[in-house]
Amino acid sequence: MPKPMVNRKVNPPSNSKPIVEVGSEMSRDDCIFCKMVVGQIPITKIYEDQVVLAFLDIGPISDGHTLVIPKQHFEKLHDCPSEILGQVCSRLGKIAKAVTKAMNSEGYNVLCNNGRIAGQLVEHLHFHIIARNSGDGVFNRWPAYKYEDGKIDAIAAKIRKNL
Ligand code: 5GP
Ligand code: ZN
């Protein structure tokens with residue numbers, strides 16, 4: 001069951017108009033990322049605008065590991081309205097480029113865990129930006145396999161039916 005929402009104002013970056021107004025239901029009382037948005041939990045900020053907040057992950061898997069979150073509370077990717085999701089995603093490239101350049105890395109992963117089984121510990125939508133270098137050992141296991149005959153079409157049909 002979703003937890004009840006609370007009314008709270010989200011602090012905008014100075015000299016900009018807030019997108020979250022007083023009295024709106026866009027923030028969760030029990031969410032650490034919402035608390036970061038309103039300044040109740042300290043962060044090492046990388047970037048902020050009206051829509052997103054980006055900060056360094058406190059438990060990095062590589063130097064510069066950055067989290068990019070919408071300021072509004074959505075639990076999973078598919079809970080986020082497409083317009084806001086588009087705005088969040090439109091910031092990822094710029095931030096990823098900065099992380100990669102600053103860390104002098106050869107590449108990066110953008111990762112979004114959804115659901116506890118997929119490794120989502122914080123139930124506020126977020127994108128990890130993880131700088132990568134050869135031999136870093138990150139994501140060493142990628143358990144790829146091949147479909148049995150006919151299975152790929154059956155699975156695709158099943159997914160399309162759920163769109
Ligand atoms: P998830 O596993 O939900 O995809 O990722 C949550 C991330 O949030 C983890 O990588 C974790 O290290 C990070 N995190 C959890 N608590 C804090 C915190 O208080 N401050 C910061 N900066 N990151 C946090
Ligand atoms: Zn939240």
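- Evaluation of the salt bridge (charged side-chain N to carboxylate O under 4.0 Å, His left out) rule for Lys76 yields no partner, not counting sequence neighbours.
- Separating the CZ atom in Arg28 from the CZ atom in Phe74 is a distance of 11.5 Å, to the nearest 0.5 Å.
- Here the closest heavy-atom approach between residue Leu125 and residue Cys80 is recorded as CD2-CB, 3.8 Å.
- Residues that satisfy the ring-ring contact (aromatic ring centres under 6.0 Å, His included) test with Phe55, not counting sequence neighbours, are Phe33.
- Closest heavy-atom contact between His124 and His73: ND1-ND1, 3.4 Å.
- Counting all heavy atoms, side chain and backbone alike, Ser62 lies closest to Ala131 at OG-O, 2.8 Å.
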Assess the residue pair Leu53 and Lys45 against the criterion (side-chain contact (heavy atoms from CB on, under 4.5 Å)); give the C-alpha distance rounded to whole Å, side-chain angles, the decisive distance to 0.1 Å, and a yes or no. CA-CA 8 Å; Leu53 181 63; Lys45 194 191 294 182; 4.0 Å; yes
Distance-only donor-acceptor pairs under 3.5 Å for side chains of residues 146-160, two or more places apart:
none

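- Inter-residue side-chain proximity for Arg116 and Glu123 is flagged as met; some heavy-atom pair is nearer than 4.5 Å.
- To the nearest 0.5 Å, atom CD1 of residue Ile32 and atom CD1 of residue Ile58 are 8.5 Å apart.
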Please list, one pair per line, the donor and acceptor atoms closer than 3.5 Å that link side chains of residues 87-99 to other protein atoms, with sequence neighbours excluded.
unit_1 : atom_1 : unit_2 : atom_2 : d
Ser90  : OG     : Gln87  : O      : 2.7
Arg91  : NE     : Asp49  : OD2    : 2.8
Arg91  : NH1    : Gln87  : O      : 2.9
Arg91  : NH2    : Asp49  : OD2    : 3.3

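- Each side-chain hydrogen bond (donor to acceptor under 3.5 Å, both in side chains) pair with one or both residues in residues 131-144, not counting sequence neighbours, appears once here: Glu106-Ser134, Asn109-Arg132, Arg132-Asp136.
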Please determine whether side-chain contact (heavy atoms from CB on, under 4.5 Å) holds for the pair Met26 and Lys71, giving the CA-CA distance in whole Å, both sets of side-chain angles, and the decisive distance to 0.1 Å. CA-CA 8 Å; Met26 294 171 171; Lys71 285 187 164 178; over 6 Å; no
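- For the pair Val52 and Ile69, the minimum side-chain heavy-atom distance is 4.5 Å or more.
- Contacts of His65 classified as ring-ring contact (aromatic ring centres under 6.0 Å, His included), with partners at least two apart in sequence or in another chain: His128.
- Annotation: Asp57, atom CG; neighbour count of heavy atoms from other residues, nucleotides and ligands within 6.0 Å is above 12.
- Membership of the apolar cluster around Ile61 extends to Leu111, Ile130, Val138, Phe139, as traced through chained side-chain contacts below 4.5 Å between ILVMFWY residues.
- For the atom pair CG (Asn113) and CG (Leu121), the distance works out to 8.0 Å, reported to the nearest 0.5 Å.
- Leu56 meets the side chain to side chain contact (heavy atoms under 4.5 Å, CB included) test with Thr44, Ile46, Thr66; sequence neighbours excluded.
- In this structure, Gln40 contributes its side chain and Lys35 its backbone to no donor-acceptor pair below 3.5 Å.
- Taking CG of Asp63 as the reference point, atom CG of Asn104 lies at 11.5 Å (rounded to 0.5 Å).
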